[in-house]
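Structure record follows, encoded as structure tokens.
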Amino acid sequence: MSNSKKVVLLGHFGVGKTSLMRRFVENAFSEEYKVTLGVQIQKKEVNISERKKLSMIIWDIEGNTTIKNTRLSYLLGTSGFIYVFDATRIDTFNDINDEIDYLTKQYPKAKIKTIANKVDLINVQGLKDLLNNKQIQCDYFTSAKTGKMVNEMFEALAKEIIKE
Amino acid sequence: MIYQIKESFFADKIQFIHLSRSGIIKGTDNYLFDFKEGDSIFDAHPFFESIQYYFNAEDGEEFSIPCVHLNIGENDGIYDIKVYIDKDGVIVALFDFTDHYNESNTLSQEKNESIIQAQLLKEKEEFKNRFLANTSHELRTPLTTIMGFTTILQRSNLSTEQLHYLDLIKSSGEHLRNLIDDILDISKIEMGRMLIKHDRFDLKKLCENLEAQYSLNIKAKEVKFNIKLDSSIPEFLVGDKLRLNQILTNLIDNAFKFTKRGSIQLNISKLERKSSDIKLQFEVKDTGLGIERDKLDSIFESFIQVHDDPSISGTGLGLSIVRKLIDILDGSISVESTKDVGTTFTFKLPFKVSSNQTKEEIKIEEPKGKSSDKTSILVAEDIEVNQLLIMKILASSGKYFVDIVGDGDQVVERLHQQDYDLILMDIKMPKMDGYDTTRFIRNSEIDAIKNIPIIALTANASPLEREVCLGIGMNEYVGKPYKEEELISKIDRLIKEKKANQ
Ligand SMILES: Nc1nc2c(ncn2[C@@H]2O[C@H](COP(=O)(O)OP(=O)(O)O)[C@@H](O)[C@H]2O)c(=O)[nH]1
Ligand SMILES: [Mg+2]
């Protein structure tokens, strides 16, 4: 059996979860927004080191304003969560701290990354100031559109998962 | 029989797959997907690989994962999936709900799109307000300089003609300042940053002031201005006097703008009173142009001017501010108008009746005899024009010695070299700002330094900024563009208090 781990993309709808997965797996992007129903799954192998590889099985699930409303069967057995918010819409990260707390408590073994996506549309320094003010911790500033930091983010998560 | 019908009905919608616990396909009906016995299901689609930990569960357990997209070979659809664990291995059941889910798809698509649109719109609105608030704030600083030097210039030896030009500059400056204040107000209201006060005030006095203020306008035009105040209303009320005054002047200004002849009438009457709660009705009635019926609805919206007459100036914000202020004061407003006859704005506001209805005579003592020794003032201000401006204002009154430094650290240095009566402190300075300098002074070991009166000079003319300044130990606060009289009177008051305490 190959070494594979389940990773779940979380966050409100329209923040770019599907786009991040597409950028990472297919290196493609579309401007058109198509709502995700349920879950779509894609797999990509990541080189951890010369000899080590990890298959990330990515679950791109439908957007939800809160994790508490997300189907439990989508979340079980997850090694890494990627919580994505939309850098252009405050509503998608207003209560992110509660969401992350909840995740940490419910899935203590899973690795969690928070991601600000669509940074091609904003002034990143301004966003950083705002996040600082709100005491929101953010791990990566990505753009699915330009590809900025997308591979880096997934690969870093893969390395963290493998470390266990 | 029934079984056969059922079978044919559901056959192409459901597939059962029998697996070993290690994922090897032992049997399948292939109604949906073509799987081969002996193959590993994990190779069919990564979905199965990611649920393999279910396969080690106890006999009799079952799991269900709804709404999963599976694209295997030619086949692409949305399935509900059930997993049963059994002593013989694992049964996976796939239920094809593609059509069902695709129908609900359209609905979610529309719903999500409209929510995203609304959020982006809100974001833009907030950005606009922040931008307006910041810009209007920045505009105040250069205007301070213009207005200040105009006042100084008026004092110098000028011809009548020159003085007349200066008057024009000054009134245009005032006008500009009002427009900037309007913009600042509206953006503050829309960001929910407007603070409401509950102070005791004299309603009769407020009316008298309005009358005096508009008597000038009356002369200029053929318009009479009249106030009728219901005598059963108690004179002293508790409420936000400043905002009430702002609402009234906005409405009266507006009335004057659109009235060429006739009259403008302000009627104030009592609607109801329950113990100390009182509700008043204010009516501003003019005999002006009037507003067409179809435009009445939009009249309170920001940036909409009903009359697109270029000779009538303004931001178009006045009425929208009025309406928003009345909203936050828990009142209501309505308007009635007939073209070419006139317009009546009617608004209702709640107040409290003050328990104290006696006039307190506030005696302002004149400073006892002009003391021969002048007051010495240290000014901390980094921008040269502002330095010059303050210097002139203070110097022209002849009462002060003035020293100027350009940064907070120099203030500290000077205070240790020389005695001052008072400090005028700019907030934004390059090395050590006004806040830090004040904190330093208030923590000094030397009493004469520690207790020196400090007046903040700031472009941030907001109640919040004021609280911050006073909170860290400044004694007074003057917002730019400051009025000469205001600055002088605050200086004098503090000096008087200081002397009284000695
Ligand atoms: N400019 C920009 N648009 C993006 C980016 N990521 C996603 N989008 C757009 O945002 C919309 C929603 O993206 P999607 O991936 O469907 O979001 P999801 O609902 O979280 O899966 C689509 O119109 C995408 O084209 C990005 O990094 N930059
Ligand atoms: Mg999606």
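Sequence lines set the chain letters: A, B, ... in the order given, protein chains first and strands last, and positions in each chain run from 1. Both backbone and side-chain heavy atoms feed into the values below; hydrogens, waters and symmetry mates do not. Predicted model only: the values in this text are computed from it and were never measured.
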Could you name the residues of residues 97-107 of chain B that have a heavy atom within less than 4.5 Å of a heavy atom in chain A?
B:Tyr101, B:Ser104, B:Asn105
Aromatic rings B:Phe48 and B:Phe35: how do their planes relate, parallel, tilted or perpendicular, breaks at 30° and 60°?
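The rings of B:Phe48 and B:Phe35 stand perpendicular, inter-plane angle above 60°.
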Toward chain A, the part of [X] with a non-hydrogen atom under 4.5 Å:
X        : result
B:Gln109 : both
B:Lys122 : side chain
B:Phe63  : neither

Distance (rounded to the nearest 0.5 Å) between [X] [atom1] and [Y] [atom2]:
X       : Y        : atom1 : atom2 : value
A:Ile61 : B:Cys67  : CD1   : SG    : 11.0 Å
A:Glu99 : A:Thr65  : CD    : OG1   : 8.0 Å
A:Met56 : A:Ile162 : CE    : CD1   : 10.0 Å
B:Ile25 : B:Phe42  : CD1   : CZ    : 10.0 Å

What residue among A:Asn151, A:Thr146, A:Val150 forms side chain to side chain contact (heavy atoms under 4.5 Å, CB included) with A:Lys148?
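Passing option: A:Thr146.
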If you count heavy-atom pairs under 4.5 Å between each of B:Ile116, B:Ile65, B:Val68 and chain A, which one has the most?
B:Ile116
Out of B:Ile115, B:Ile51, B:Ile78, B:Leu70, which one racks up the most heavy-atom pairs below 4.5 Å with chain A?
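The answer is B:Ile115.
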Side-chain donor-acceptor contact under 3.5 Å, A:Tyr140 with A:Asn117:
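Looking only at side-chain atoms, A:Asn117 and A:Tyr140 do not form any donor-acceptor pair under 3.5 Å.
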Check for a donor-acceptor pair, side chain of A:Glu160 on one end and backbone N or O of A:Leu157 on the other, with a separation under 3.5 Å.
no
Are the side chain of B:Lys82 and the backbone of B:Ile91 linked by a donor-acceptor contact shorter than 3.5 Å?
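No; zero donor-acceptor contacts below 3.5 Å.
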I'd like to know if [X] pairs up with [Y] as an ion pair, taking the criterion as any Lys NZ or Arg NE/NH1/NH2 lying under 4.0 Å from an Asp or Glu carboxylate oxygen.
X        : Y        : value
B:Asp436 : B:Arg439 : yes
A:Glu31  : A:Lys145 : yes
B:Asp86  : B:Lys26  : no

Using a heavy-atom cutoff of under 4.5 Å, enumerate the residues of residues 76-93 of chain A that contact chain B, numbered in order, or state 'none'.
A:Leu76, A:Gly77, A:Thr88, A:Arg89, A:Ile90, A:Asp91, A:Thr92
